[in-house]
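Chain naming here is simple, since letters A, B, ... match the order of the sequence lines and numbering starts at 1 in each. The structure displayed is predicted, hence computed values, not measured ones.
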Number of protein chains: 2
Amino acid sequence: MAVRRQPTLRDVAAAAGVAVSTASRALTRPGRVNADTADRVVAAAKELGYIPSASARALLSGRTATVALVLPDVTNPFFFGLVRGTGARLRESGYVQVLADTEESAEVELDTLRKLRGQVDGAVLAASRLSDEQIAAAAADLALVVVNRTIPGTPGVLLDTAGGMVQALEHLASLGHRRVAYASGPVTSWSDRRRREALEPAAARLGVELVVLGPYAPVRQAGAAAADAALDAGATAVVAFNDLLAFGVLERLDAREVPVPERLSVIGCDDIFGADLVRPALTTVESPVEEAGRMAADLLLARLEGNRPADDDPDAAPAADPDEASDLDRAPDLDDEPVTRGRDAADPVLLPTHLVVRSSTGPVG
Amino acid sequence: MAVRRQPTLRDVAAAAGVAVSTASRALTRPGRVNADTADRVVAAAKELGYIPSASARALLSGRTATVALVLPDVTNPFFFGLVRGTGARLRESGYVQVLADTEESAEVELDTLRKLRGQVDGAVLAASRLSDEQIAAAAADLALVVVNRTIPGTPGVLLDTAGGMVQALEHLASLGHRRVAYASGPVTSWSDRRRREALEPAAARLGVELVVLGPYAPVRQAGAAAADAALDAGATAVVAFNDLLAFGVLERLDAREVPVPERLSVIGCDDIFGADLVRPALTTVESPVEEAGRMAADLLLARLEGNRPADDDPDAAPAADPDEASDLDRAPDLDDEPVTRGRDAADPVLLPTHLVVRSSTGPVG
DNA sequence: TTGAAAGCGCTAACAT
DNA sequence: ATGTTAGCGCTTTCAA
């Protein structure tokens with residue numbers, strides 16, 4: 001615990017009998033220094049247990065090798081995949097991941113971004129509660145990649161859950177459902193709006209009556225109200241904004257002894273941990289969240305590595321394997337997904353989702 | 001994205017027509033400077049959108065206002081509570097949380113700790129894969145708090161799952177079970193060892209035959225083997241190392257159409273997300289993981305704040321509410337849990353766990 | 001009360 | 001190939 005004083009480069013240089021600058025070079029560009037001088041320095045460094053000071057390096061270079069993941073709520077299982085996905089990629093590239101929880105508050109989010117500036121090289125901003133303008137402004141000060149938002153000029157990754165929801169509706173239509181409820185999410189949710197916009201024409205096309213219920217908080221506890229409302233609306237199936245809400249619906253239906261799927265089919269969204277554990281197992285829209293995280297990290301790293309000297313700290317995590325390199329190359333390649341060609345240049349990456357059918361959906365009874 | 005140059009303290013000073021040192025004082029110790037000078041500086045700072053450079057400050061002070069949470073596997077839901085608990089406390093105190101995943105590897109863990117040194121003020125080390133000696137050595141270089149480990153001289157928080165498991169056994173005994181299987185976890189798990197050591201005398205005392213199965217990986221997929229083994233061993237109940245394993249057991253029993261709890265009662269450990277969602281709902285040992293996280297953070301912060309000037313950065317997050325202060329006070333108070341009085345002085349905080357009975361346990365059939 | 005100046009650990013010119 | 005020096009942004013003596 002006592003935390004003894006760290007040896008500095010100066011100590012290493014002294015021990016090796018060279019100037020600090022030589023020691024620095026020996027450690028960072030072994031090529032540009034006499035081989036045995038370099039050896040001496042490296043030996044001295046190892047001997048002393050020298051670790052370069054990240055702060056000093058950051059101060060000088062302006063780079064921190066740190067990236068933040070900014071989330072409205074670390075609690076929400078939906079974001080776990082994002083934590084994992086971004087974390088994996090960042091670690092691979094020798095970056096440190098910092099986690100920031102904005103507690104569902106735009107104000108906290110703004111403040112967080114403000115403080116992050118200078119502390120991190122960039123941030124992945126997921127499910128932001130900010131306005132497009134606020135995000136665009138923040139992006140001027142900090143390299144940003146957004147997840148599940150479209151901000152002109154800011155790279156982003158989109159999970160096309162709207163598409164998955166349409167698949168859900170088609171699935172229900174094919175089972176004979178003609179009156180389907182959508183238990184909508186928070187009014188502030190950009191995804192929710194997109195889904196409703198996609199569901200309505202799809203319903204018309206499929207000859208299904210769509211009843212929009214809610215809005216509901218995207219949490220289990222809200223599911224009871226949604227279940228009751230769906231039954232009251234005479235729907236034979238309900239599609240929930242997310243799995244948490246769907247879990248709550250299932251619980252309520254169980255409590256009311258309404259048979260699922262015989263009397264009411266239930267569909268969720270996200271395929272979070274537990275969706276296949278509940279009984280009946282939940283039919284849901286699976287989103288490649290972890291991949292979205294990886295892609296977001298890739299996009300960010302591409303930006304960051306773009307304006308940067310070539311070589312690496314010898315101390316940095318091993319670079320990605322050569323055979324993974326091709327994978328990384330995919331990141332900046334935004335053109336092979338010509339979808340939602342929006343108002344602006346760099347279109348976000350759109351990741352398709354797909355319906356996973358389990359036992360909570362069945363033919364209309 | 002363009003990331004324009006940040007204004008520095010020098011810019012602020014120039015704008016306010018004072019020296020940098022005055023600007024610095026005005027911003028950090030408003031008391032020690034003329035009131036309207038201070039106002040001018042603050043105004044200039046706000047005007048320019050000045051944000052102090054964390055790196056520069058860290059370089060000078062040696063403090064980064066950053067704390068790492070080091071985990072073997074961010075994927076494991078058990079750790080989510082830890083992420084939340086530590087994160088909440090750290091944020092409250094104006095610290096940034098960084099997340100480090102060691103991928104279940106002692107080597108990666110060691111390397112991570114090495115790199116963290118200097119980047120962070122301290123770390124919470126959970127479920128470490130390192131030897132006691134390695135941890136103690138690391139603690140010499142970095143303020144450390146361990147979770148679920150006892151390292152002499154290093155503060156720690158222990159979740160007494162062994163105690164919870166004994167409760168589980170008592171519960172089963174009271175239901176008439178006389179032959180109970182324990183599906184054990186990884187051999188490297190310190191907790192697992194503790195549990196077996198606690199279960200054996202308890203079984204003897206209760207007149208229950210204990211069959212230790214495994215070791216199993218603490219994941220769902222391993223549950224099938226555990227379920228089969230438990231049935232084969234003629235047990236009427238099985239206690240699993242953790243909930244993930246228990247989920248797998250339930251799935252397998254469902255697939256084999258073995259009625260739960262009629263033919264086999266099942267108990268998990270941790271009460272992770274989903275334990276009350278599965279059917280039958282899982283009886284399990286609830287651990288106050290989130291509280292453990294908070295306590296670990298508290299212990300660490302107590303250390304860190306201990307050797308530090310009094311006052312706060314005006315930019316720092318609001319200090320904890322006064323009414324929460326009493327809560328914080330509890331942290332350093334290691335004396336009211338006189339348990340496992342180990343080989344050394346500062347005993348770790350021991351958090352009790354308790355059994356939550358749900359429908360996966362019932363009277364022996 | 002305020003300013004000048006030193007220096008945290010490191011890297012990158014520049015000089016040798 | 002190596003050493004010398006300046007300076008990143010900030011805080012903190014020390015003087016004024």
Next item on the list: Answer with base, sugar-phosphate or nothing: what part of the nucleic acid does B/Ser61 contact at a heavy-atom distance below 4.0 Å?
Entry: nothing

Checklist line | Value in whole Å for how far the P atom of C/dG3 lies from CG of B/Leu9 | finding: 12 Å

Notebook entry, point to check: Whole Å only: how far is the CG atom of A/Leu27 from the P atom of C/dC10?
Noted result: 9 Å

Next item on the list: Just report the end-to-end axis angle for the helix from C/dT1-D/dA16 to C/dT16-D/dA1, five pairs per end, to 10 degrees.
Entry: 40°

Notebook entry, point to check: Once you round it to whole Å, what is the distance between C1' of C/dG7 and CG of A/Leu59?
Noted result: 12 Å

Next item on the list: Return the value, rounded to whole Å, for the distance between atom CD of B/Gln119 and atom C1' of C/dG9.
Entry: 14 Å

Checklist line | Side-chain heavy-atom pair B/Arg91, B/Val96 within 4.5 angstrom cut-off | finding: no

Next item on the list: For the residue pair B/Val18 and B/Val33, establish whether any side-chain heavy-atom pair is separated by less than 4.5 Å.
Entry: no

Next item on the list: Ignoring backbone atoms, test whether B/Arg29 places a side-chain nitrogen or oxygen under 4.0 Å from the OP1 or OP2 oxygen of D/dT12.
Entry: yes

Check: Touch check for B/Ser55, heavy atoms < 4.0 angstrom, all strands: base, sugar-phosphate only, or nothing?
Finding: nothing

Checklist line | Heavy-atom check, side chain of B/Thr66 versus side chain of A/Val98, under 4.5 Å | finding: no

Notebook entry, point to check: On DNA chain C, nearest-nucleotide positions of B/Ala38 versus B/Ala56: which is more 5'?
Noted result: B/Ala38

Note to self: Can you confirm whether the side chains of A/Ser128 and A/Glu109 place a donor and an acceptor under 3.5 Å from each other?
What the structure shows: yes

Next item on the list: Check the distance between C/dT11's C1' and A/Tyr50's OH and give it to me in whole angstrom.
Entry: 10 Å

Next item on the list: Verify the distance criterion only: is there a donor paired with an acceptor across the side chains of B/Thr64 and B/Gln119 at less than 3.5 Å?
Entry: no

Check: How long is the line joining CG of B/Asn34 and C1' of C/dG3, in whole Å?
Finding: 14 Å

Note to self: Could you tell me if the side chain of A/Val83 sits less than 4.5 Å from the side chain of A/Leu69, heavy atoms only?
What the structure shows: yes

Item checked: Side-chain donor/acceptor of B/Asp73 to backbone N/O of B/Glu104, under 3.5 Å -> no

Next item on the list: Measure the shortest side-chain to side-chain distance between A/Arg303 and A/Pro155 over non-hydrogen atoms and say whether it is less than 4.5 angstrom.
Entry: yes

Notebook entry, point to check: B/Ser24 near the nucleic acid: base, sugar-phosphate alone, or nothing, with a heavy-atom cut-off under 4.0 Å?
Noted result: base

Check: Atom CZ of B/Arg57 and atom C1' of D/dC10: how far apart are they, to the nearest Å?
Finding: 8 Å

Next item on the list: Specify the separation, in whole Å, of atom CZ of B/Arg10 and atom P of C/dA5.
Entry: 13 Å

Notebook entry, point to check: Do A/Leu130 and A/Leu113 come within less than 4.5 Å of each other through their side chains, counting heavy atoms only?
Noted result: yes

Under 3.5 Å, which protein N or O atoms sit close to an N or O of nucleotides 4-7 of chain D? Give each pair with its distance.
unit_1 : atom_1 : unit_2  : atom_2 : d
D/dT4  : O4     : A/Ser21 : OG     : 2.9

